[in-house]
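Written out below as structure tokens is the structure these notes cover.
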Amino acid sequence: MRYSKLTIDEFDEQVRDWDASLTDVTAPMNETEYVDGKLVTTEQTIFGQSRVEGHLTENGFRTLCYKLDAPHVWLRDKCPSDLKKTIFDRLMRDYEKDCLFRYRENGVKLCRAVLSDRYMPFNHLDVWDAVKDGIEKSKLSQLHPIVWKPYLDDTMSVWILFEGVQADPDKPVRSYDGGGSGGLKPAIKISNSEDGTGKVKLFGGLYRSYCDNGVIFGFNSETKIEQIHAGSQIKLVSANIRIAIAETAHVAGLGIDKYIDATNEYITGAIDEVFDEWANKYNIAVETTTEWKGFTSRIETWGDLVMATADFGGTRKNREEMEAFETMAGDLLYANRSQYVERR
């Protein structure tokens, strides 16, 4: 789904199908069982008690160990199965607090996370409904929004592109790839996690469609929403998302001007320092940094660096690595680079 484009309605159907597969159980840990890689909890229903069991995912196993203060890697890789059950049974028996057990159906039942009962289950559907409402109320729906590069799993990642916007300048823009402006459009990035691995995030970005696939960079430094899953103010978070939609779209529009401006800033300083600084900031491996440097060997301007970094992100097979470079590209656009460039 790397370059998929969907209508709002098509993605809406996918999110609702996903949400229908989810089950949450809040129960005491000491009433829970570990059986052959499964977690079995007891849910109280109007018809009485009901057992819910699911195979622990990697994250489910990790979060269970975290809750019990148990050695995750050793239990996962080296502990015999009979000893593993003995350890879990003992630790769970002594853990008297309630926990939130997050299950989902994927052909088989999976236990995807064991979290605090204070965790706010702000699911992908909650985020998506707030985003749609924000687009409608801010009249951004008139700009023909579409969904691009959707990723829907325990983590959701999706861009909203505004196809009705034509932001190319009258004066041609030079670029290292010869693509000029290439159809600049503002975009909004939405991400969320349902398994305790991330926050609700929303920030602006810029899309350039000079090739069939297109590239994008996101302005993480201009994040408008970054909400942890804690507390109980779901309505407040939804309201903040709705408000942030219009603000973020405005920021994305400003980013287009910044990109055009950066195409006139020629790099004269020690560019290797930039690579080293930003690779360290984003925790990029040495081998990948070397590839990134090679990929950007033809750049001349700061705009080239931004664009080539986003392009390089598109070559990565690992989704997290790909998104890191796309986000880095946007942050480079907002960074202070006066010691590296001169205007011409």
Side-chain angles (χ1 to χ4, degrees), residues 11-70 72 75-76 79 81 84-85 87-130 150-158 191-200 227-232 234 237-238 319:
F11 187 64
D12 184 80
E13 183 177 353
Q14 289 186 7
V15 176
R16 293 184 187 283
D17 286 346
W18 169 268
D19 196 71
S21 72
L22 309 181
T23 303
D24 281 345
V25 177
T26 300
M29 179 72 84
N30 58 11
E31 296 179 9
T32 301
E33 296 180 72
Y34 175 86
V35 183
D36 295 329
K38 295 181 181 179
L39 212 57
V40 183
T41 55
T42 302
E43 181 180 26
Q44 193 66 40
T45 72
I46 58 173
F47 303 108
Q49 290 188 334
S50 173
R51 282 167 58 91
V52 180
E53 65 177 59
H55 295 271
L56 283 159
T57 64
E58 170 59 28
N59 185 69
F61 189 85
R62 182 185 61 80
T63 52
L64 174 63
C65 290
Y66 176 79
K67 280 281 168 240
L68 298 173
D69 197 22
H72 162 231
L75 280 168
R76 183 193 64 194
C79 184
S81 56
K84 186 182 299 184
K85 175 169 175 53
I87 291 171
F88 276 130
D89 284 349
R90 174 60 186 271
L91 292 175
M92 288 193 291
R93 186 171 69 244
D94 293 341
Y95 194 101
E96 298 179 353
K97 296 179 182 178
D98 283 359
C99 290
L100 175 66
F101 301 91
R102 311 215 79 189
Y103 293 93
R104 70 178 174 90
E105 197 75 38
N106 185 28
V108 296
K109 200 82 162 182
L110 301 175
C111 180
R112 57 200 184 129
V114 181
L115 304 171
S116 166
D117 61 347
R118 296 190 301 275
Y119 180 89
M120 179 176 64
F122 199 72
N123 289 344
H124 302 334
L125 181 58
D126 300 309
V127 176
W128 178 242
D129 280 343
Y151 180 86
L152 193 58
D153 204 285
D154 292 323
T155 297
M156 176 180 73
S157 171
V158 62
S191 61
N192 185 47
S193 160
E194 294 180 337
D195 60 4
T197 57
K199 305 174 183 178
V200 183
Q227 171 68 47
I228 62 172
H229 286 259
S232 58
I234 291 179
V237 178
S238 296
R319 184 183 62 86

Distance col, row C111:SG vs L64:CG, nearest 0.5 angstrom, shows 7.5 Å

Kindly list each side-chain donor-acceptor pair under 3.5 angstrom involving residues 87-101, sequence neighbours excluded, with atom names and distances?
| from | atom 1 | to | atom 2 | distance (Å) |
| --- | --- | --- | --- | --- |
| D89 | OD2 | K85 | NZ | 3.0 |
| R90 | NE | D94 | OD2 | 3.1 |

Value for CG (N59) from CG (L110), rounded to nearest 0.5 Å, stands at 11.5 Å

Looking at D24 and R104, does any basic side-chain N land under 4.0 Å from a carboxylate oxygen?
no

key: Lys NZ or Arg CZ of R319 over Y151 ring: under 6.0 Å, within 45°   = yes

More than 12 foreign heavy atoms under 6.0 Å from CD of E13: is that the case here? no

Donor-acceptor pair, D154 side chain versus R112 backbone, under 3.5 Å?
no

### Task
Answer whether the closest heavy-atom distance between the side chains of L56 and R62 falls below 4.5 Å.
no

*Hey, are the side chains of D19 and N123 touching, using non-hydrogen atoms and a 4.5 Å cut-off?*
yes

Sub-4.5 Å side-chain heavy-atom contact between E58 and R76: yes

Margin query: Would you say CG of D17 has more than 12 non-hydrogen atoms from neighbouring residues, nucleotides or ligands within 6.0 angstrom?
Written below: yes

Q | Check against side chain to side chain contact (heavy atoms under 4.5 Å, CB included), D126 and M120 | A | CA-CA 11 Å; D126 300 309; M120 179 176 64; over 6 Å; no

S116/K67 under side chain to side chain contact (heavy atoms under 4.5 Å, CB included): CA gap, chis, key distance, verdict: CA-CA 8 Å; S116 166; K67 280 281 168 240; 3.9 Å; yes

message: Apply side chain to side chain contact (heavy atoms under 4.5 Å, CB included) to residues R102 and L115 and explain how you reach the verdict.
response: CA-CA 8 Å; R102 311 215 79 189; L115 304 171; 3.9 Å; yes

> Does one side chain, of K109 or T23, offer a donor that lies under 3.5 Å from an acceptor on the other?
Replying inline: yes

- [ ] With the side chain counted from C-beta on, respond yes when L68 and M29 share a heavy-atom pair under 4.5 Å apart, and no when they do not.
- [x] yes

Separation between OG1 (T57) and OH (Y103), nearest 0.5 Å, reads 11.0 Å

query: Do F11 and V15 have side chains that get closer than 4.5 Å, going by heavy atoms?
result: yes

Sequence neighbours excluded, the answer for salt bridge (charged side-chain N to carboxylate O under 4.0 Å, His left out) partners of D195 is none

In this structure, CG of L125 is separated from CG of L22 (nearest 0.5 Å) by 9.0 Å

Go through it in stages, so that I can follow the logic: the residues are F61 and Y66, the test is side chain to side chain contact (heavy atoms under 4.5 Å, CB included), and I'd like the CA-CA distance, side-chain angles, deciding distance and then a yes or no. CA-CA 9 Å; F61 189 85; Y66 176 79; over 6 Å; no

Applied to residues 31-41, the salt bridge (Lys or Arg N to Asp or Glu O under 4.0 Å) test, sequence neighbours excluded, yields E33-R51, K38-E53

* Asked: Does any N or O in the side chain of T32 come within less than 3.5 Å of the main-chain N or O of P28, such that one atom is a donor and the other an acceptor?
  -> yes

Would you say that V40 contacts V52 through its side chain, given a criterion of any heavy-atom pair below 4.5 Å between the two side chains?
no

Heavy atoms, side chains only, cut-off 4.5 Å: are K84 and Y34 in contact? yes

Discussion item. Determine whether a donor-acceptor pair (N or O, by modelled atom type, separation under 3.5 Å) exists between the side chain of H124 and the backbone of W18.
Written reply: no

